[in-house]
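Order of listing sets the numbers, starting from 1, for every ligand and every atom in it. Atom set for the values below is all heavy atoms of this structure, side chains included, hydrogens, waters and symmetry mates excluded.
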Amino acid sequence: MHILGTAGHVDHGKSALVRALTGTDPDRWREEQLRGMTLDLGFAHLRYDDGVEAGIVDVPGHERFLHNMLAGAAGMEILLLVVAANEGPRPQTHEHLAILNYLNVRKTLLVLTKRDLVDADELGFAEELTRETLRGTLAEGAPAYAVSTLSGEGMNELRAAIHDALVALPARKPDAPAFLPIDRVFALSGHGTIVTGTLMQGTLKVGDTLRLQPSERDVRIRSLHVFGQKQEEVRGGSRVAANLPQIDVDEIERGEVLASPEFGVVREFEVTFTPLESALPLLRRRNHVRAYLGSAEILGTLAFDEAPREVKPVSGVLSLRRAAATYPGEAFVVRRLSPKDLLGGGTAGAGVVTAQTDDDAALDPEQQSVLAVLASLGIAPGIATTVAARANLREERTLAILESLVERGSARKLAKPVAFVDSSAADGLYARALSLINGAHRESPWKMGLTSIALAKALETQESIVVRVLATYVDEGRLEYRNGYYAAPGFAPELTAEQRKFFDATVLLDPQNPYVPIPFDDLSSALRTTKVRGAQEAYETLLATGGLVKVHDAVYRGTQVAGVRARVEGALRKEGTMTMARFRDLIGTSRKYAVPLLEWFDAAGITIRNGDVRTLRAG
Ligand SMILES: Nc1nc2c(ncn2[C@@H]2O[C@H](COP(=O)(O)OP(=O)(O)OP(=O)(O)O)[C@@H](O)[C@H]2O)c(=O)[nH]1
Ligand SMILES: [Mg+2]
């Protein structure tokens, strides 16, 4: 099997394309579905009648979720570079391409989406502009397909082209040792821990003993699934779900590798690195970086004999803060620690260096004294003025030193207002918070996670400090913050069967009037009297994830709102404007419900009110 991946700017139609190709919505989170935005990797299975098949990895386009895109990017062999015909290339089109240039893509198809929104001239223009962008990248000269997932135009041609590209790709090395970077970890009741990922090379069999890296734990594979189908054996290039019953979900996270025992772990290895042109002014002899290897993001240092001054491959040494499993030839990319500009990428070399480099070369005396001041403050954030006074340095100089400490990872920079904390203190707080959060996920899997108030209380730390420190980890993708709750990366709350039954029975759908909500009072009194465990928390989860939507004093199911939204968008595209009366007719409810609902759509940024009529918000 081979892996197809999407890439491209936010909202350009990547997920819609995957859905049109496979029938599967890769946005598996309710929040993604309601917001219409991909937050994390999505997966789908593409099948042809003649047995040709592929796994699809759909990535988020929003730059805030670039770390999630990076976790899925290494597995891609065929790239669907998605560019909306009505917008042309945008920043993440370029950024995704720059990243993929370093990885394992062997064939690119350019897909111009939203064909229905442009005329022939505009399409020609978009294609020309995109071709310009592709010059000098892996996608130069890629065949282009203009499609509309709304009308289906161009989809047959694209499907056929993907088929041919899949057939033409050589198989991944099935005899090589198995190497599977883990991108999801979850518990399946009755089975224990499941890990998923793209098998980069080799073969996995049920009963095989493999090693989790870098933790070096041996695990036996109890069962294997590929897109829901049980398999005895899977080969390189497959999307695999492996059941590892002996390991607890908390003990594994995205970024670990399930690998044959041949793979050792290293903290330091030679690399061949090619800088991005835009990174040349930023690169020095020694660079603090975030390295992306497989599905992992690891902080480290990339060092050269001399700072690269040209866009051409140079050798260097990558030293990581934690060990990683890698193999010669493994592709990687690096970003700057802060701000997170993409610096370049390359491949891991064969020769593993064992000697220590002087990465942790002694801090100079001023850095030492500033760091000592930070350390003495513990988790309390230090502002430059205070630190300067205690370190007996000028404020400007102190600020520069603090920034240098941030860059090398010894301190963390907090926002609003700018302040600094010692990295070990911050890491300690983060580790304790994560363990509390994981505990909450285990005990109440239907809950979104923990609030800052709950964390502050358990950690006996001021809430504002908890919020500001954890924000830096959220920023790095090491923690998630959604709707007021902190959660472990990749965690998705799951209601119990009992809870689901309760809400299905309480938020009733009337098949005759599918868009009529129930009064909030009905739900709230049912919640007060029910014996179903965790019902109130489950309700909050449903609200936060869009499973239920409270509009004024009524409650809708998320599917109802999505249905109304599709109708409203469809009608507005055709008719341009809409009155309240038209809206009411469209969804068949009374004024009592229609008015607040349409106002909710205004507030949600879907429609715009203009006097008595609504129009669709552009873009
Ligand atoms: N008119 C039209 N709209 C489309 C088409 N394809 C997608 N859209 C719309 O474009 C919007 C964004 O589509 P998505 O598929 O979610 O975009 P995406 O690239 O996956 O977005 P992110 O994952 O957030 O980066 C949605 O409202 C889609 O309905 C198309 O062919 N024609
Ligand atoms: Mg998407």
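Considering backbone and side-chain atoms alike, Leu17 places every N or O at 3.5 Å or more from each N or O of ligand 1. Between Asp58 and ligand 1, no pair of N/O atoms sits closer than 3.5 Å. Looking at Gly61 next to ligand 1, an N or O pair under 3.5 Å apart turns up. Polar contact with ligand 1: absent for Arg573 (N/O pair, distance under 3.5 Å). Here's the thing with Arg115: none of its N/O atoms is less than 3.5 angstrom from an N/O atom of ligand 1. Checking only distances, Lys114 does come within under 3.5 Å of ligand 1, N or O to N or O.
Within 6.0 Å of CZ in Arg591 there are 12 or fewer heavy atoms belonging to other residues, nucleotides or ligands.
Side chain to side chain, Tyr593 and Arg584 fail the donor-acceptor criterion of an N or O pair below 3.5 Å. For the residue pair Asn68/Arg254, the side-chain donor-acceptor check at 3.5 Å is satisfied. A side-chain donor-acceptor contact under 3.5 Å links Ser15 and Thr38.
Closest to atom 24 (O) of ligand 1 among all protein heavy atoms lies Thr38 N, 3.1 Å.
Counting only protein N, O or S atoms closer than 2.8 Å to the Mg ion (ligand 2) gives 2.
Near Ser15, meaning under 4.0 Å from any of its heavy atoms, are these atoms of ligand 1: 15 (O), 18 (P), 20 (O), 23 (O). Interface of Val10 with ligand 1, defined as ligand atoms under 4.0 Å from a residue heavy atom, comprises 24 (O), 25 (O). Within ligand 1, counting atoms from 1 as listed, the ones closer than 4.0 Å to a heavy atom of Met37 are 24 (O). Less than 4.0 angstrom separates some heavy atom of Ala16 from each of these atoms of ligand 1: 6 (N), 7 (C), 15 (O). Here is the list of ligand 1 atoms found below 4.0 Å of a heavy atom in Leu150: 1 (N), 2 (C), 31 (O), 32 (N).
Ionic pairing of Glu569 and Lys574 is not present here: no N-O contact between side-chain nitrogen and carboxylate oxygen is shorter than 4.0 angstrom. Under 4.0 Å is where a charged nitrogen must lie from a carboxylate oxygen, and between Glu153 and Arg115 at least one such pair does.
In this structure, Phe332 has its ring center at least 6.0 angstrom away from the ring center of Tyr292.
Distance remark: protein heavy atom not present below 4.0 angstrom from atom 26 (C) of ligand 1. There is a protein heavy atom closer than 4.0 angstrom to atom 18 (P) of ligand 1. The protein does not reach atom 29 (O) of ligand 1 closely, with no heavy atom under 4.0 angstrom from it.
The shortest distance between side-chain heavy atoms of Phe43 and Val57 falls below 4.5 Å. In this structure, Glu330 and Phe179 have side chains that are in contact, with non-hydrogen atoms separated by less than 4.5 Å. Contact annotation: the side chain of Val185 never approaches that of Ile194 to less than 4.5 Å [non-hydrogen atoms, C-beta and beyond]. When side chains are defined from C-beta on, Leu109 counts as touching Ile162, because their heavy atoms get closer than 4.5 Å.
What you find for Met76 and Leu79 is that their closest heavy atoms are SD-CD1, 4.5 Å.
Residue Asp11 touches ligand 1 through backbone and side chain together, judged by heavy-atom distances below 4.0 Å. Residue contacts with ligand 1 for Leu117 involve side-chain atoms from C-beta outward but no N, CA, C or O (heavy atoms, distance under 4.0 Å).
We find the CZ-CZ distance between Arg565 and Phe601 to be 7.5 Å, quoted to the nearest 0.5 Å.
Sorted by first and then second residue, the salt bridge (charged side-chain N to carboxylate O under 4.0 Å, His left out) pairs involving residues 597-614 (not counting sequence neighbours) are Asp602-Arg614.
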